[in-house]
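Below is one structure, written out as C-alpha coordinates; comments come after it.
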Amino acid sequence: MIAAAAASIAVDALDAGPVLCLFRRFTGIPCPGCGLTRGVARLMRGELRQSLALHPLAPGIVLEAAALWVVWGGVLFHRLSRPSESTVLRLRWVNLASLAVVWLARLALETLPG
(Lines give C-alpha, C1' and ligand atoms only; values in the text may rest on other atoms or scores of the structure.)
Protein backbone atom coordinates (compact mmCIF):
# COMPACT_ATOMS: atom_id res chain seq x y z
CA MET A 1 0.00 0.00 0.00
CA ILE A 2 2.78 2.41 0.94
CA ALA A 3 4.77 1.42 -2.17
CA ALA A 4 1.74 2.09 -4.39
CA ALA A 5 1.24 5.53 -2.84
CA ALA A 6 4.93 6.34 -3.24
CA ALA A 7 4.81 5.18 -6.87
CA SER A 8 1.80 7.43 -7.53
CA ILE A 9 3.59 10.44 -6.10
CA ALA A 10 6.80 9.55 -7.95
CA VAL A 11 5.06 9.25 -11.33
CA ASP A 12 3.40 12.64 -10.95
CA ALA A 13 6.67 14.26 -9.90
CA LEU A 14 8.63 12.59 -12.72
CA ASP A 15 6.12 13.62 -15.38
CA ALA A 16 6.05 17.25 -14.23
CA GLY A 17 9.75 17.65 -13.46
CA PRO A 18 12.60 18.95 -15.61
CA VAL A 19 14.64 16.80 -17.99
CA LEU A 20 17.51 15.34 -15.95
CA CYS A 21 19.17 13.26 -18.68
CA LEU A 22 22.46 14.94 -19.62
CA PHE A 23 22.63 13.04 -22.93
CA ARG A 24 19.23 14.41 -23.92
CA ARG A 25 20.07 17.91 -22.72
CA PHE A 26 23.22 18.05 -24.86
CA THR A 27 22.04 16.15 -27.95
CA GLY A 28 18.29 16.70 -27.93
CA ILE A 29 17.86 12.92 -28.35
CA PRO A 30 16.64 10.70 -25.51
CA CYS A 31 19.32 8.24 -24.33
CA PRO A 32 18.91 4.43 -24.29
CA GLY A 33 17.65 4.57 -20.71
CA CYS A 34 15.28 7.51 -21.11
CA GLY A 35 11.84 6.51 -19.94
CA LEU A 36 13.01 3.63 -17.74
CA THR A 37 12.43 5.38 -14.41
CA ARG A 38 9.00 6.62 -15.44
CA GLY A 39 8.23 3.21 -16.99
CA VAL A 40 9.10 1.38 -13.78
CA ALA A 41 7.05 3.88 -11.75
CA ARG A 42 4.05 3.34 -14.07
CA LEU A 43 4.49 -0.41 -13.76
CA MET A 44 4.42 -0.10 -9.97
CA ARG A 45 1.06 1.64 -10.36
CA GLY A 46 -0.19 -1.27 -12.45
CA GLU A 47 -0.16 0.69 -15.71
CA LEU A 48 1.52 -1.87 -17.96
CA ARG A 49 0.58 -0.27 -21.28
CA GLN A 50 1.90 3.15 -20.24
CA SER A 51 5.01 1.50 -18.81
CA LEU A 52 5.76 -0.26 -22.10
CA ALA A 53 5.15 2.96 -24.03
CA LEU A 54 7.70 4.79 -21.89
CA HIS A 55 10.29 2.01 -22.16
CA PRO A 56 9.70 -1.56 -23.40
CA LEU A 57 12.38 -2.94 -21.07
CA ALA A 58 10.82 -1.60 -17.85
CA PRO A 59 9.03 -4.86 -16.93
CA GLY A 60 12.19 -6.85 -17.65
CA ILE A 61 14.24 -4.54 -15.46
CA VAL A 62 11.78 -5.03 -12.60
CA LEU A 63 11.87 -8.82 -13.01
CA GLU A 64 15.66 -8.82 -13.20
CA ALA A 65 15.92 -6.64 -10.09
CA ALA A 66 13.60 -9.00 -8.21
CA ALA A 67 15.61 -12.03 -9.33
CA LEU A 68 18.86 -10.37 -8.31
CA TRP A 69 17.37 -9.52 -4.92
CA VAL A 70 16.40 -13.19 -4.42
CA VAL A 71 19.87 -14.38 -5.47
CA TRP A 72 21.55 -11.83 -3.21
CA GLY A 73 19.41 -13.01 -0.29
CA GLY A 74 20.22 -16.63 -1.11
CA VAL A 75 23.93 -15.88 -1.15
CA LEU A 76 23.69 -13.83 2.04
CA PHE A 77 21.94 -16.67 3.89
CA HIS A 78 24.16 -19.36 2.32
CA ARG A 79 21.32 -20.97 0.37
CA LEU A 80 22.80 -20.19 -3.05
CA SER A 81 26.33 -19.94 -4.33
CA ARG A 82 27.60 -16.63 -5.59
CA PRO A 83 27.23 -16.19 -9.38
CA SER A 84 30.49 -16.49 -11.28
CA GLU A 85 32.19 -13.41 -12.66
CA SER A 86 31.56 -14.67 -16.20
CA THR A 87 27.81 -14.93 -15.49
CA VAL A 88 27.73 -11.40 -14.14
CA LEU A 89 29.70 -10.14 -17.13
CA ARG A 90 27.36 -11.90 -19.57
CA LEU A 91 24.36 -10.37 -17.83
CA ARG A 92 25.91 -6.91 -18.16
CA TRP A 93 26.51 -7.42 -21.89
CA VAL A 94 22.99 -8.75 -22.44
CA ASN A 95 21.57 -5.69 -20.66
CA LEU A 96 23.71 -3.28 -22.66
CA ALA A 97 22.89 -5.01 -25.95
CA SER A 98 19.18 -4.99 -25.10
CA LEU A 99 19.26 -1.28 -24.32
CA ALA A 100 21.13 -0.56 -27.57
CA VAL A 101 18.80 -2.64 -29.76
CA VAL A 102 15.65 -1.17 -28.21
CA TRP A 103 17.06 2.36 -28.45
CA LEU A 104 18.01 1.99 -32.12
CA ALA A 105 14.62 0.48 -32.94
CA ARG A 106 12.83 3.30 -31.14
CA LEU A 107 15.00 5.87 -32.90
CA ALA A 108 14.10 4.30 -36.26
CA LEU A 109 10.39 4.09 -35.39
CA GLU A 110 10.38 7.54 -33.73
CA THR A 111 8.79 6.15 -30.56
CA LEU A 112 11.20 7.58 -27.98
CA PRO A 113 9.51 9.31 -25.04
CA GLY A 114 9.20 13.08 -25.23
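Please read these numbers as outputs of a predicted model, since none were measured by experiment.
- Residues Pro83 and Val71 approach most closely at CG-CG1, 4.0 Å, considering heavy atoms.
- Distance CD/Gln50 to CZ/Arg38: 12.5 Å, rounded to 0.5 Å.
- Leu96 and Val101 fall into different hydrophobic clusters, defined by Ile, Leu, Val, Met, Phe, Trp and Tyr side-chain heavy atoms under 4.5 Å apart, directly or through other members.
- Two residues are said to be in side-chain contact when any heavy atoms from C-beta on lie closer than 4.5 Å; Val40 and Leu54 fail this criterion.
- Heavy atoms only, all atoms of each residue included: Leu80 and Val70 are closest at CD1-O, 4.3 Å.
- Residues Arg49 and Arg42 have side chains not in contact (no heavy-atom distance under 4.5 Å, counting atoms from C-beta outward).
- Closest of all the heavy-atom pairs between Ile29 and Trp103 is CG2-CZ2, 4.3 Å.
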Next item on the list: Evaluate side-chain contact (heavy atoms from CB on, under 4.5 Å) for Leu68 paired with Leu91, printing each intermediate quantity in order.
Entry: CA-CA 11 Å; Leu68 289 172; Leu91 183 59; 4.2 Å; yes

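- What you find for Pro18 and Arg25 is that their closest heavy atoms are CB-NH2, 4.4 Å.
- Here the options are Pro30, Cys34, Pro32, the test is side-chain contact (heavy atoms from CB on, under 4.5 Å), and the partner is Leu112; only Pro30 passes.
- Between Leu104 atom CG and Leu109 atom CG the span is 11.0 Å, to the nearest 0.5 Å.
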Next item on the list: Go through the steps to decide whether Leu52 and Leu43 satisfy the test side-chain contact (heavy atoms from CB on, under 4.5 Å), and finish with yes or no.
Entry: CA-CA 8 Å; Leu52 291 170; Leu43 191 62; over 6 Å; no

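- Two residues are said to be in side-chain contact when any heavy atoms from C-beta on lie closer than 4.5 Å; Arg82 and Val88 fail this criterion.
- A distance of 8.5 Å separates CG in Leu57 from CG in Asn95, rounded to the nearest 0.5 Å.
- Contact annotation: the side chain of Pro59 approaches that of Leu48 to within less than 4.5 Å [non-hydrogen atoms, C-beta and beyond].
- Linking ILVMFWY residues whenever their side-chain heavy atoms come closer than 4.5 Å, directly or via other members, leaves Val62 and Leu36 in distinct clusters.
- Taking the side chain as every heavy atom from C-beta outward, Met44 and Ser51 never approach each other to under 4.5 Å.
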